[in-house]
Participant: 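Once you've had a glance at the structure underneath, I'll fire off some questions.
In this text, all values refer to a predicted model and were calculated from it rather than measured experimentally. Reminder, nothing fancy here: chain letters follow the sequence lines and each chain counts from 1.
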Amino acid sequence: MTEKSEKQDLTTRLERLDARYVYLFFAALLIIPIVVPFGLPILVTSPTRDFYDYVEKNVGKGDRVLIWGTMTTGWWPTEYRPSIVAVSQHLFNRGAKLYYISDGAEDPLLVDTVFGMIDKGPAKYGVDYVSLGYYAGGEVALSAFAKDVYSLVKTDYYGTPVDQLPMMKEVKTAKDFKFVMHVTGSPAEWLLRQYKTPYGIDCGWVGSSGMVGIYMPYYASRQVVGFVCGLRGGAEYETLMKRPGIGLASTDAMSAGHLYFALIMIFANIVYYIGRKERKKQ
Amino acid sequence: MSSYTLRNQIPLAIASLILVIVFAEYFLAMPKAVSDFISGLQKWTVILSAFAMVLSLLSVTRIHVPRVMKTGANMSDRALSAWLLVIMVITILVGIGFDTPSAQYQFIFRNLFSPLSSGVWAIMAFYYCGAILRSFRARSLEATVLVVAGFLVVTRNTPVISAIIPWWESLGTWIMNVPGVSGMRGLVIGVGVGVVAMGIRMLLQMERRPITGEA
Amino acid sequence: MISTDVAIWIQAALILMWLSQLYKQNIFYRFTEYTFIGVAVGHSTVLVYKNVVSMVYTPIVFKADFLLIIPVILGLLIWTRLSPKYGWVSRWPMAVIVGVSAAIAVRGAIKTQIYDQIIATIQLGVVRPDILSNVNNFLIVVTAICTLTYFVYFKEHKGALGTAAKIGRITMMATFGNTIAWAFAGRLNPLIALLQTLLLDWLHLR
């Protein structure tokens, strides 16, 4: 075999590398920082900082905040949980009244987890925070709730009639809320179309990482106060809160994963160009 | 009344009429009776959406019950279908019997559903790496821009690189804030125009597919 | 020391069976797939049951709101969708859902997605003291317009329109590169969660 054809064989073999080797190295690279974390700091980006600053400066004691969930359980542990726990804690610290509701079937059980993970201080269920359960219909449910809360909500998630919950007496329509947050990995526009545009209420997102690109034009045009996205967003919010949690504990693994992805991109293109040069010479 | 009228024209007319009323209520001052009617209609839509969710249960039952009953079929297929039906019924009975906040239901949700739901997305991380290796090549100008932009944003999201080269993160941030915003803005406006166009088409009953399934 | 919690062992077993598909399709992976579908369908049915009880059953039985019988009948008619012979009956309730959904989407889209975005782009034309901001804003305005010209289909992309469409296409490639990077993050993070369950909660390696 000549040296030229040996080189071509190598590049062809690398181009056609069995994906299982890629998966194996990927998993191995992720395992190390999970078991032996480095504790690298992260820089806080402006969407998260603006969201934090808004809550810090504009949400105070007694302000009503609606948290609408369209979550997926699959993204819960590291995409939503760090962010929503940190944001909920911040809102509780500010003395806000929190109304949790969702159009995702899995959300009410996830919200239960949030209640168990935060320091609620003197806040009481039904007076300072409430979980209103799940309502099918997506954007229609958001719209129906905004127009007339009681047309949709008859009981909370645990079956208590809403007229027995003191904080429910304070809300009739979307106008009674100071701030609305949508926790979602799905359509970004629902929140703005049903709360910001018709009622002029300040809005923000807590989303999955994949939504960042979609949120950016709305954030740039100041239609939202900011957004906290994914594991990175949760870690950034924990940094601002000075309250390390799941987000900051996982950033090293996130770093390793992204580094591997970047290296694969470089590797794929180097192998492709070497192979292309060889094929041109042929 | 002809079959065509019942099957096509009336549903399209219902959708068109509802669209006009709900749309107009947003922009025009309407009597309270109309506003209350629309609130009621929205509530009905939520109820109908809930009934539509049950289609998944009916569909799964329709597929897997015959598979279990079919003699002579592959044993592993029959066993897996039987298991699916069993775990589905157990989940429903525990959920309705004990209610969803109960420890029993939480056990099913946290230990069976949650890890597998994460698994659905997690497995894609591996497939992304495999796909990038095969197809993410700078073959043309557009592909080069795609690769370079993706590379800069991925490395921006890598705190270890920012710790070593502090200014590197600003490159990826520039991609997010300038071409990321402008390109997505163009797409958002385009989608918005498309949504309005679709609404007009539905109003004029030119868009039949969502209701009748026909082109 | 490995975990002794049954729940963690169940989670670990399911995760390992699920990940086994990376090597080869096998019966263990299929078992987890069927488990997931079964629990997911069961869970959504339970939540729908709770919805129907609170929004329909309780108002009809205890508050005599008999008007709600109409959406119940329409809701049951949706189920005819599964019948090849009577599937057309489901078009009536679907018409209600589609009509309301389309109306609330369209009425919000006009301002949210079109007007506000155009105004925000125009406002970027205002000259600022910072040169870098001006350059970036100019680029955003030009490339956003070029992206929109790419979707002009009634005229051939030649001359100035062709150049603008090409710039728009290149801008969209940068946007998609950005999207791919964040989409990967959205898949990497659940994987980190799974590995944390295996390594920390199950094997107690830290």
Participant: What distance separates B:Gln42 CD from A:Leu152 CG, expressed to the nearest 0.5 Å?
Facilitator: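 Reported value, rounded in 0.5 Å steps: 9.5 Å.
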
Participant: Not counting sequence neighbours, which residues clear side-chain hydrogen bond (donor to acceptor under 3.5 Å, both in side chains) with A:Trp76? List them please.
Facilitator: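 Once residues adjacent in sequence are excluded, A:Trp76 has no partner under the side-chain hydrogen bond (donor to acceptor under 3.5 Å, both in side chains) criterion.
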
Participant: Please rank A:Asp148, A:Asp252, A:Leu43, A:Thr251 by heavy-atom pairs under 4.5 Å with chain B and give me the top one.
Facilitator: A:Leu43

Participant: Which heavy atom of B:Arg156 sits nearest to which heavy atom of A:Thr45, and what is that distance?
Facilitator: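 Distance-wise, the nearest heavy atoms are NH2-CG2, 2.8 Å.
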
Participant: Looking at chain B, which one of A:Thr113, A:Thr78, A:Ile42 has the largest number of heavy-atom pairs inside 4.5 Å, strictly under?
Facilitator: A:Thr113

Participant: Do you know which of B:Val181, B:Asn157, B:Thr173 has the most heavy-atom pairs with chain A at a distance under 4.5 angstrom?
Facilitator: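 Among B:Val181, B:Asn157, B:Thr173, the one with the most close pairs to chain A is B:Asn157.
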
Participant: Got a sec: does the OH of A:Tyr21 have more than 12 other heavy atoms crowding it under 6.0 Å?
Facilitator: no

Participant: What is the ring orientation for B:Phe126 with A:Phe26, classed by angle as parallel under 30°, tilted 30 to 60°, or perpendicular over 60°?
Facilitator: perpendicular

Participant: Grab the two heavy atoms, one from B:Ala163 and one from A:Leu40, that are nearest each other, plus how far apart they are.
Facilitator: CB-CD2, 4.2 Å

Participant: Identify which part of A:Ser221 has an atom lying under 4.5 Å from any heavy atom of chain B, answering side chain, backbone, both or neither.
Facilitator: both

Participant: Report the distance from atom CD1 of B:Ile108 to atom CG of A:Leu109, rounding to the nearest 0.5 Å.
Facilitator: 11.0 Å

Participant: Using heavy-atom distances under 4.5 Å, tell me whether A:Ile266 contacts chain B through its side chain, its backbone, both, or neither.
Facilitator: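 When you check distances to chain B, only side chain atoms of A:Ile266 fall under 4.5 Å.
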
Participant: Start with the C-alpha gap between B:Glu25 and A:Lys147, add the side-chain angles, then the distance that decides, and say whether side chain to side chain contact (heavy atoms under 4.5 Å, CB included) holds.
Facilitator: CA-CA 12 Å; B:Glu25 186 258 352; A:Lys147 197 170 159 59; 2.7 Å; yes

Participant: Minimum heavy-atom separation for B:Arg137 to A:Ala268, with atom names?
Facilitator: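 Residues B:Arg137 and A:Ala268, closest heavy atoms: NE-O, 4.1 Å.
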
Participant: Give, for atom OG1 of B:Thr155 and atom NE2 of A:His258, the distance between the pair rounded to the nearest 0.5 Å.
Facilitator: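 Between atom OG1 of B:Thr155 and atom NE2 of A:His258 there are 9.5 Å.
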
Participant: Please flag which part of A:Pro198 lies under 4.5 Å from any non-hydrogen atom of chain B: side chain, backbone, both or neither.
Facilitator: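 Both parts, backbone and side chain.
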
Participant: Quick one: do the B:Thr100 and A:Tyr157 side chains pair a donor with an acceptor below 3.5 Å?
Facilitator: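 A:Tyr157 and B:Thr100 do have a side-chain donor-acceptor pair below 3.5 Å.
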
Participant: For chain B, which candidate among A:Ala136, A:Gly137, A:Gly257, A:Pro77 shows the most heavy-atom pairs at distances under 4.5 Å?
Facilitator: A:Ala136

Participant: Report the distance from atom OH of A:Tyr272 to atom CZ of B:Arg134, rounding to the nearest 0.5 Å.
Facilitator: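 That separation rounds to 15.5 Å.
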
Participant: Which bit of A:Tyr134 comes within less than 4.5 Å of chain B, counting heavy atoms only: side chain, backbone, both or neither?
Facilitator: side chain

Participant: Below 4.5 Å from any heavy atom of chain B, which atoms of A:Tyr23 appear? Answer side chain, backbone, both or neither.
Facilitator: both

Participant: Between atom CD1 of B:Ile132 and atom CG of A:Leu263, what is the distance when rounded to the nearest 0.5 Å?
Facilitator: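 Rounded to the nearest 0.5 Å, the CD1-CG separation comes out at 13.0 Å.
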
Participant: Taking CZ in B:Phe37 as the centre, count heavy atoms belonging to other residues, nucleotides or ligands within less than 6.0 Å. Is the count above 12?
Facilitator: no

Participant: Measure the shortest side-chain to side-chain distance between A:Met254 and B:Thr158 over non-hydrogen atoms and say whether it is less than 4.5 angstrom.
Facilitator: no

Participant: Should we say atom CZ of B:Phe107 is surrounded by more than 12 heavy atoms from elsewhere, each under 6.0 Å from it?
Facilitator: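 Yes, because the 6.0 Å sphere around CZ of B:Phe107 holds more than 12 heavy atoms from other groups.
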
Participant: Go through the atoms of A:Thr197 and report whether side chain, backbone, both or neither lie under 4.5 Å from a heavy atom of chain B.
Facilitator: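 Both parts, heavy atoms under 4.5 Å.
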
Participant: Can you say whether B:Asp36 sits under 4.5 Å from chain A via the side chain, the backbone, both, or neither, judging by heavy atoms?
Facilitator: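 Neither part, no heavy atoms under 4.5 Å.
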
Participant: Can you tell me how far the CD1 atom of B:Ile38 sits from the OG atom of A:Ser143, to the nearest 0.5 Å?
Facilitator: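 Reported value, rounded in 0.5 Å steps: 10.0 Å.
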
Participant: Can you name the closest pair of heavy atoms from A:Met216 and B:Met176 and give their distance?
Facilitator: CE-O, 3.9 Å

Participant: Please classify the contact between B:Ser182 and chain A as side chain, backbone, both or neither, with a heavy-atom cut-off of under 4.5 Å.
Facilitator: neither

Participant: Which bit of A:Pro41 comes within less than 4.5 Å of chain B, counting heavy atoms only: side chain, backbone, both or neither?
Facilitator: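 Just the backbone, heavy atoms under 4.5 Å.
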
Participant: Using only non-hydrogen atoms and a strict under-4.5 angstrom cutoff, which residues of residues 187-198 of chain B touch chain A?
Facilitator: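 From residues 187-198 of chain B, the residues near chain A are B:Val188.
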
Participant: Who wins among B:Gly180, B:Gly130, B:Ala138 for the most heavy-atom pairs under 4.5 Å with chain A?
Facilitator: B:Ala138

Participant: Taking 4.5 Å as the heavy-atom cut-off, does anything in residues 52-63 of chain B contact chain A, and if so which residues?
Facilitator: B:Met53

Participant: Does any backbone or side-chain atom of A:Glu106 lie under 4.5 Å from a heavy atom of chain B? Answer side chain, backbone, both or neither.
Facilitator: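 Both the backbone and the side chain of A:Glu106 come within 4.5 Å of chain B.
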
Participant: Which atoms of B:Tyr127 come close to chain A, meaning under 4.5 Å heavy atom to heavy atom: side chain ones, backbone ones, both, or neither?
Facilitator: both

Participant: Would you mind checking which part of A:Phe145 comes under 4.5 Å of any heavy atom in chain B, side chain (CB onward), backbone (N, CA, C, O), both or neither?
Facilitator: neither

Participant: Output the residues of residues 109-123 of chain B for which the shortest heavy-atom distance to chain A is under 4.5 Å, in residue-number order; output 'none' if no such residue exists.
Facilitator: B:Phe109, B:Arg110, B:Phe113, B:Ser114, B:Ser117, B:Ser118, B:Trp121

Participant: Quick one: does A:Asn269's side chain have a donor or acceptor within less than 3.5 Å of a partner on B:Phe136's backbone?
Facilitator: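 Such a contact is found between A:Asn269 side chain and B:Phe136 backbone.
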
Participant: Kindly give the heavy-atom pair with the smallest separation between A:Pro217 and B:Arg185, and that separation in Å.
Facilitator: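 Shortest heavy-atom contact: O-NH2, 3.2 Å.
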
